[in-house]
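Throughout, a chain's letter reflects where its sequence line sits, starting with A, and its residues are numbered from 1.
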There are 2 protein chains.
Amino acid sequence: MESVDRKPSAETEALVREVLERVADKWTLLVIEELGGEAGPRDVRFTRLLERVGGISQKMLTKTLRQLERDGLVTRKVFPVVPPRVEYRLTPLGESLGAAVCGVWEWVERHKDEVRRHRGTYDAARS
Amino acid sequence: MESVDRKPSAETEALVREVLERVADKWTLLVIEELGGEAGPRDVRFTRLLERVGGISQKMLTKTLRQLERDGLVTRKVFPVVPPRVEYRLTPLGESLGAAVCGVWEWVERHKDEVRRHRGTYDAARS
DNA sequence: TTCCATACTCACCAGATGGAGAGTGTGGAT
DNA sequence: ATCCACACTCTCCATCTGGTGAGTATGGAA
């Protein structure tokens with residue numbers, strides 16, 4: 001067969017999936033978007049993220065941020081003051097992911113009405 | 001421009017999230033990738049997808065395809081033969097999503113080693 | 001008559017997900 | 001002495017996710 005296979009290797013494939021799943025969870029994209037919004041602030045505090053990413057719980061925000069930190073996508077700056085002050089910021093790597101994700105984000109914004117229309121048609125057809 | 005607020009409205013925001021979550025689940029991206037691979041076949045049968053998207057179960061493949069169909073991203077062509085023959089194909093809308101997703105896919109392939117390295121460092125630092 | 005292929009659908013169930021709400025530590029303000 | 005701010009961390013628990021394996025329909029082949 002021409003162009004052989006796009007399969008790079010089982011291991012690479014597994015890694016791609018692993019990273020993809022990390023990125024593609026319920027909150028990660030929202031948090032990245034919030035940290036990387038072009039006009040938005042660069043360093044963001046925990047509580048501010050909690051407010052901006054509406055609906056997220058403390059637990060999930062913490063977890064999401066830890067995962068992003070582990071993957072080298074955000075840095076966590078702790079100020080030894082009281083009450084605590086912690087600031088999160090996208091790393092260059094995180095920013096590059098934000099840019100890539102931006103394409104999907106834009107697709108959704110551009111096509112959401114079309115998607116909604118299709119859903120309506122589909123649902124109506126079998127009710 | 002300052003682009004003031006990126007917040008379009010609570011309703012739009014909700015829709016974006018809804019579509020985003022649909023797209024960002026465990027299997028959707030894999031299935032789209034399989035249907036939209038540039039060198040890959042256009043019309044794909046159920047069983048073939050089952051083989052190509054390794055690890056997916058019948059149940060989840062069916063569910064994923066139904067969701068994609070509902071959103072107008074794939075068409076489902078049923079041939080009235082026996083044994084059954086069903087072919088799936090990306091719609092133009094689905095292809096445009098595939099293109100957008102491609103950016104993320106490429107990011108992952110390009111940066112997966114870096115991510116893996118960060119993970120190693122992070123894990124080592126607190127073991 | 002029995003088997004087979006294909007594309008499902010369904011019931012069951014373990015494990016993962018994630019929300020709610022309480023608890024923690026510290027030092028300054030009241 | 002008490003309270004508060006902030007950024008967590010922990011436990012409990014309901015819901016969701018998704019895998020397994022069985023069942024279904026149909027007509028042709030053996």
Proximity to the side chain of [X] - top-ranked nucleotide from [options]:
| X | options | answer |
| --- | --- | --- |
| A:Val86 | C:dT6, D:dA7, D:dG19 | D:dA7 |
| B:Pro84 | D:dT9, C:dT9, C:dA7 | C:dA7 |
| B:Phe46 | C:dA7, C:dG19, D:dA5 | C:dA7 |

Looking at B:Trp107, is its backbone amide N or carbonyl O close enough to the side chain of A:Ser96 to form a donor-acceptor pair, meaning the two atoms are under 3.5 Å apart?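 No: the side chain of A:Ser96 does not pair with the backbone of B:Trp107.
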
Toward the 5' end of DNA chain D, which comes first, A:Val82 or B:Gly55, by nearest nucleotide?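 Result of the comparison: A:Val82.
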
Please state how far atom [atom1] in [X] lies from atom [atom2] in [N], giving the value in whole angstrom units.
| X | N | atom1 | atom2 | result |
| --- | --- | --- | --- | --- |
| A:Phe79 | C:dG27 | CZ | C1' | 18 Å |
| A:Lys59 | C:dG23 | NZ | P | 17 Å |
| B:Ile56 | D:dG19 | CD1 | C1' | 12 Å |
| A:Gln58 | C:dT24 | CD | C1' | 12 Å |
| A:Arg85 | C:dG25 | CZ | C1' | 19 Å |
| A:Glu69 | D:dA7 | CD | P | 15 Å |
| A:Lys63 | C:dG18 | NZ | C1' | 8 Å |
| A:Arg76 | D:dC6 | CZ | C1' | 12 Å |

Carefully, step by step, assess A:Glu95 and A:Arg42 under the rule side chain to side chain contact (heavy atoms under 4.5 Å, CB included). CA-CA 11 Å; A:Glu95 280 177 30; A:Arg42 291 306 177 143; 3.1 Å; yes

Separation of B:Leu30 CG from B:Met60 CE (nearest 0.5 Å):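 One gets 11.5 Å once the value is rounded to the nearest 0.5 Å.
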
Within the 4.5 Å heavy-atom criterion, are B:Arg48 and B:Arg52 side-chain neighbours or not?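 SC-SC contact between B:Arg48 and B:Arg52 confirmed.
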
Are B:Leu49 and B:Phe79 co-members of a hydrophobic cluster defined by side-chain heavy atoms under 4.5 Å apart?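 No, because B:Phe79 and B:Leu49 fall into different hydrophobic clusters, even though each may have its own neighbours under 4.5 Å.
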
Below 4.0 Å: OP1/OP2 of [N] and any side-chain N or O of [X]:
| X | N | answer |
| --- | --- | --- |
| B:Arg66 | C:dA7 | no |
| A:Arg45 | D:dA7 | yes |
| A:Thr47 | D:dA7 | yes |

